[in-house]
Amino acid sequence: MTATQIAANGDLGEFRSEFQSWLEATRGDLEPFRVVPRDAAAQVDQARALQRMLFDSGWGRQGWPEHAGGFGGSPLRRGVVVEELTKFGCPPPFAASLVEVLGPAVLEFGSAELVAEYYPRLLDGTDVWCQGFSEPEAGSDLGALRTRAVDDGDEWRITGQKIWTSYAGSAERCLLLARTGAVDEGFKGISAFFIDMGSAGIEVRPLKAMTGDDEFAELFLDDVRVPKNRIIGPIGAGATVTMNVLANERSVLAWQRQAWLHTRLADVVGEMDPVGELGDHTIGHAYAAVHALRLKVRETFRTVAAGGVPGPLTSIDKILLSTAEKAVFDAAMELNPELLLLGDSASAKRWQYDHTYARASSIYGGTAEIQRNILAERILGMPREK
Ligand SMILES: Cc1cc2nc3c(=O)[nH]c(=O)nc-3n(C[C@H](O)[C@H](O)[C@H](O)COP(=O)(O)OP(=O)(O)OC[C@H]3O[C@@H](n4cnc5c(N)ncnc54)[C@H](O)[C@@H]3O)c2cc1C
């Protein structure tokens, strides 16, 4: 049976086992995806190739609506695909996760024409999208952003600066936030735009991360002309679009990460020889953290798949994600500090990279402090900060 033949509302277990069979049958072709390259451009190339392969075989179209180039069916199928791929040893590169983070927001708020034209290109790896939200003076507080979009008849003209834009150097499109209203309107004066990275007036300057990689870039926008129909949602709906994106980053992305963390925790057990009390305690703590993450994100994913909005509760997922990610790689560090601090084998370098990158999980998608503020104010009803 192929991905196209599986009934749109068929059983998820059957879907999983069909996909597992495809993975086995395609083992040789999947070999290049076993190791995610360090170089950002190479990661994007790998993400495109994987998207293309999944799209052509039909598995990457499962769980996405037909008007967007998909085959329909429950969005949970996307979760099964990513989890089984990861268990098979081919975790999708981080660059690929932007499909899940940005895609659903454009699907929900973008015009039908825009979705029909650009979504299939996203799903098949032709286009990579980046996220132009953060600015030098506006990260946690996106309501303070200064990039401005001015209405100029048939077009918008956008001028400003973005920072920490992952994979901007390789992306074809950007979901970008810009101010269309007055500064004192805060987030109410912000709108979302879908812009072409090849537009005149956009300069991309790479930034080195603490891992030594060039995943990030700064974007400088100088009077960039954007067609009127490239606004995502109504004017001033930037906050709503942003909440959708952040909820995905804190939930569906967390599902991808938990699948990968399970495999890396198994690597800790396999490679670090965790015998004795220290091993038991460290591994037990990390396992509990990863499993708690899995259970919570599973619930969130099911809410999203049923058309619900998980809202501020996704802050719990995000806290569990950063807790679990740090627990797994701190376990590796505790059990084999020599390897992580001094090793220079390929395996040591991978552990060092993952241990460093784990620090990012309490920053991207909203910092751990911001998640705790959201929980305190919006779930527990504690007084808002002044
Ligand atoms: C790996 C990675 C990938 C990223 N990719 C992208 C991307 O593709 N696109 C994009 O737009 N951005 C991206 N970012 C940026 C990320 O969204 C921001 O770094 C994040 O929102 C925090 O903003 P900031 O860096 O400006 O820190 P700030 O907002 O300046 O925060 C600095 C510190 O102050 C704390 N703080 C701030 N406000 C409060 C408050 N009200 N209460 C308590 N503590 C507070 C924060 O928790 C933090 O510890 C990425 C970041 C990382 C690490």
Side-chain angles (χ1 to χ4, degrees), residues 37-45 47-48 93-99 101-102 105-106 122 127-150 155-180 183 186-187 189-226 230-232 238-239 241-242 245-246 248-249 253 353 356-357 359-367 369-370:
R38 289 278 306 275
D39 176 68
Q43 266 189 44
V44 171
D45 288 346
R48 287 185 202 276
F94 222 36
S97 61
L98 284 159
V99 174
V101 171
L102 301 176
V106 172
L122 174 73
D127 285 0
V128 166
W129 298 359
C130 63
Q131 177 183 343
F133 287 12
S134 305
E135 297 186 2
E137 301 299 328
S140 299
D141 181 12
L142 284 172
L145 65 79
R146 295 180 189 171
T147 293
R148 176 157 277 290
V150 177
E155 313 174 304
W156 294 96
R157 286 167 169 254
I158 302 185
T159 299
Q161 183 192 348
K162 296 290 167 182
I163 194 167
W164 314 126
T165 320
S166 299
Y167 306 104
S170 302
E172 280 77 21
R173 322 280 160 207
C174 181
L175 182 63
L176 182 124
L177 296 178
R179 182 167 298 287
T180 41
V183 175
F187 226 143
I190 290 172
S191 305
F193 298 89
F194 187 74
I195 66 170
D196 296 333
M197 290 297 284
S199 308
I202 298 185
E203 188 193 343
V204 179
R205 291 190 203 155
L207 284 173
K208 273 241 176 301
M210 69 186 272
T211 50
D213 287 358
D214 49 4
E215 172 189 323
F216 302 123
E218 286 176 296
L219 297 187
F220 293 87
L221 301 106
D222 182 13
D223 206 21
V224 177
R225 290 156 177 262
V226 178
R230 291 297 197 86
I231 193 161
I232 301 294
V241 176
T242 302
V245 168
L246 294 179
N248 298 328
E249 200 161 1
L253 174 67
Y353 177 84
T356 308
Y357 204 97
R359 312 302 108 180
S361 60
S362 50
I363 304 174
Y364 62 73
T367 67
E369 291 77 14
I370 295 299

Donor-acceptor under 3.5 Å ([X] side chain, [Y] main chain):
{"X": "Ser199", "Y": "Val224", "value": "no"}
{"X": "Thr367", "Y": "Ile370", "value": "yes"}
{"X": "Arg179", "Y": "Gly143", "value": "yes"}
{"X": "Lys162", "Y": "Ser134", "value": "no"}
{"X": "Glu137", "Y": "Leu145", "value": "no"}

Let me confirm one number: the [atom1]-[atom2] distance from [X] to [Y], rounded to the nearest 0.5 Å.
{"X": "Phe187", "Y": "Asp141", "atom1": "CZ", "atom2": "CG", "result": "8.5 Å"}
{"X": "Leu98", "Y": "Asn248", "atom1": "CG", "atom2": "CG", "result": "11.0 Å"}
{"X": "Glu215", "Y": "Ser170", "atom1": "CD", "atom2": "OG", "result": "11.0 Å"}
{"X": "Ile163", "Y": "Arg205", "atom1": "CD1", "atom2": "CZ", "result": "11.0 Å"}
{"X": "Glu249", "Y": "Ser97", "atom1": "CD", "atom2": "OG", "result": "8.0 Å"}

Do the ring planes of Tyr357 and Tyr364 sit parallel (below 30°), tilted (30 to 60°) or perpendicular (above 60°)?
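Answer is tilted, since the angle falls between 30° and 60°.
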Ile195 and Leu221: side-chain contact (heavy atoms from CB on, under 4.5 Å), yes or no, with the steps?
CA-CA 11 Å; Ile195 66 170; Leu221 301 106; 3.9 Å; yes
Determine, stepwise, if the pair Leu176 / Phe133 fulfils side-chain contact (heavy atoms from CB on, under 4.5 Å).
CA-CA 6 Å; Leu176 182 124; Phe133 287 12; over 6 Å; no
Audit row: Phe94, Leu253, side-chain contact (heavy atoms from CB on, under 4.5 Å) steps and yes/no:
CA-CA 9 Å; Phe94 222 36; Leu253 174 67; 4.1 Å; yes
Show, in sequence, the C-alpha distance, side-chain angles and deciding distance for Val226 and Phe194, and conclude whether the side-chain contact (heavy atoms from CB on, under 4.5 Å) test is met.
CA-CA 8 Å; Val226 178; Phe194 187 74; over 6 Å; no
Going by an N to O cut-off under 4.0 Å, is there a salt bridge joining Asp196 and Arg173?
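Yes, charged N to carboxylate O under 4.0 Å.
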Does the distance from a Lys or Arg side-chain N to an Asp or Glu carboxylate O, for Arg48 and Glu172, drop under 4.0 Å?
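Answer for the salt bridge query: yes.
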If you compare all heavy atoms of [X] against all heavy atoms of [Y], which two are closest, and at what distance to 0.1 Å?
{"X": "Cys130", "Y": "Ser166", "result": "CB-O, 3.5 Å"}
{"X": "Ile231", "Y": "Ala192", "result": "CG1-O, 3.4 Å"}
{"X": "Ile232", "Y": "Val241", "result": "O-CG2, 3.7 Å"}
{"X": "Ala138", "Y": "Ala144", "result": "CB-C, 3.9 Å"}

Does a sphere of radius 6.0 Å around CH2 in Trp129 hold more than 12 heavy atoms from other residues, nucleotides or ligands, not counting ones at 6.0 Å or beyond?
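Atom CH2 in Trp129 is crowded, with more than 12 foreign heavy atoms closer than 6.0 Å.
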Under 4.5 Å between any side-chain heavy atoms of [X] and [Y], yes or no?
{"X": "Leu177", "Y": "Phe193", "result": "no"}
{"X": "Leu219", "Y": "Met197", "result": "yes"}
{"X": "Asp39", "Y": "Asp214", "result": "yes"}
{"X": "Arg157", "Y": "Asp223", "result": "yes"}

Of Val150, Ile202, Thr147, which is the lone residue that meets side chain to side chain contact (heavy atoms under 4.5 Å, CB included) with Ile158?
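Result: among Val150, Ile202, Thr147, Thr147 is the only option passing the side chain to side chain contact (heavy atoms under 4.5 Å, CB included) with Ile158.
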Option from Thr242, Leu175, Val101 for which side chain to side chain contact (heavy atoms under 4.5 Å, CB included) with Gln131 holds
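Going through the options one by one, the only one that passes is Val101.
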Using side-chain hydrogen bond (donor to acceptor under 3.5 Å, both in side chains) as the criterion, point out the one residue from Glu203, Glu218, Glu135, Arg146 that pairs with Gln161.
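Of the listed options, the one satisfying the test is Glu218.
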